Amino acid sequence: GGGGEGGGSDAVSRVLERCERAVRDSLCADNCLAVLLQLKPCAADVPELVDAAHAVVAENVAAVLKQPEWKEFRKQYPDSASDILEDIALKEASVIAGTCKRLRAA
């Protein structure tokens, strides 16, 4: 026998990869914040997933800010929450600047 250890952890990492992919594929405006709340405590173990959830939150920020989880998220992770809000502000600012430029050019 012997060598069973390596095979076991290999199978585990394959399963984890599959789970991560499934979670990533299922991320949407409705669940991204809830997923992020669950993943944050183990962010070191699943950094790519946390990033993916963050990205979906950023893309769907108008919907996310209306969710009851947002209050919870802001309370637990004020730094992340302010990063998200900052991203929105920057995006909005660039959209507004672009619109102004177009208006002036017209």
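No experiment lies behind these values; they were computed from the predicted model shown.
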Donor-acceptor pairs under 3.5 angstrom involving side-chain atoms of residues 77-95: please list them, not counting sequence neighbours.
| residue | atom | partner | partner atom | Å |
| --- | --- | --- | --- | --- |
| Ser80 | OG | Lys40 | NZ | 2.7 |
| Ser82 | OG | Pro78 | O | 3.3 |
| Ser82 | OG | Asp79 | O | 3.0 |
| Ser94 | OG | Lys91 | O | 2.9 |

Does any pair with a residue in residues 34-66 pass ring pair (Phe, Tyr, Trp, His ring centres under 6.0 Å), and if so which ones, sequence neighbours excluded?
none
Go through it in stages, so that I can follow the logic: the residues are Lys75 and Glu72, the test is salt bridge (Lys or Arg N to Asp or Glu O under 4.0 Å), and I'd like the CA-CA distance, side-chain angles, deciding distance and then a yes or no.
CA-CA 5 Å; Lys75 199 167 67 195; Glu72 183 62 29; 3.6 Å; yes
Spacing of CG belonging to Leu16 relative to OG belonging to Ser9, to within rounding of 0.5 Å:
10.5 Å
N/O donor to acceptor pairs below 3.5 angstrom from side-chain atoms of residues 43-53, sequence neighbours left out:
none

Enumerate donor-acceptor pairs with a distance under 3.5 Å from any side-chain N or O in residues 57-68 to protein atoms, sequence neighbours excluded.
| residue | atom | partner | partner atom | Å |
| --- | --- | --- | --- | --- |
| Asn60 | ND2 | Val56 | O | 2.7 |
| Gln67 | NE2 | Ala29 | O | 2.7 |

Glu20: what forms a side chain to side chain donor-acceptor pair (under 3.5 Å) with it, not counting sequence neighbours?
none
NZ/Lys101 to CD1/Ile96 distance, rounded to the nearest 0.5 angstrom?
13.0 Å
Would you tabulate the side-chain donor-acceptor contacts of residues 21-28 under 3.5 Å, counting partners in other chains and residues two or more places apart, or write 'none'?
| residue | atom | partner | partner atom | Å |
| --- | --- | --- | --- | --- |
| Ser26 | OG | Ala22 | O | 3.3 |
| Ser26 | OG | Val23 | O | 2.9 |

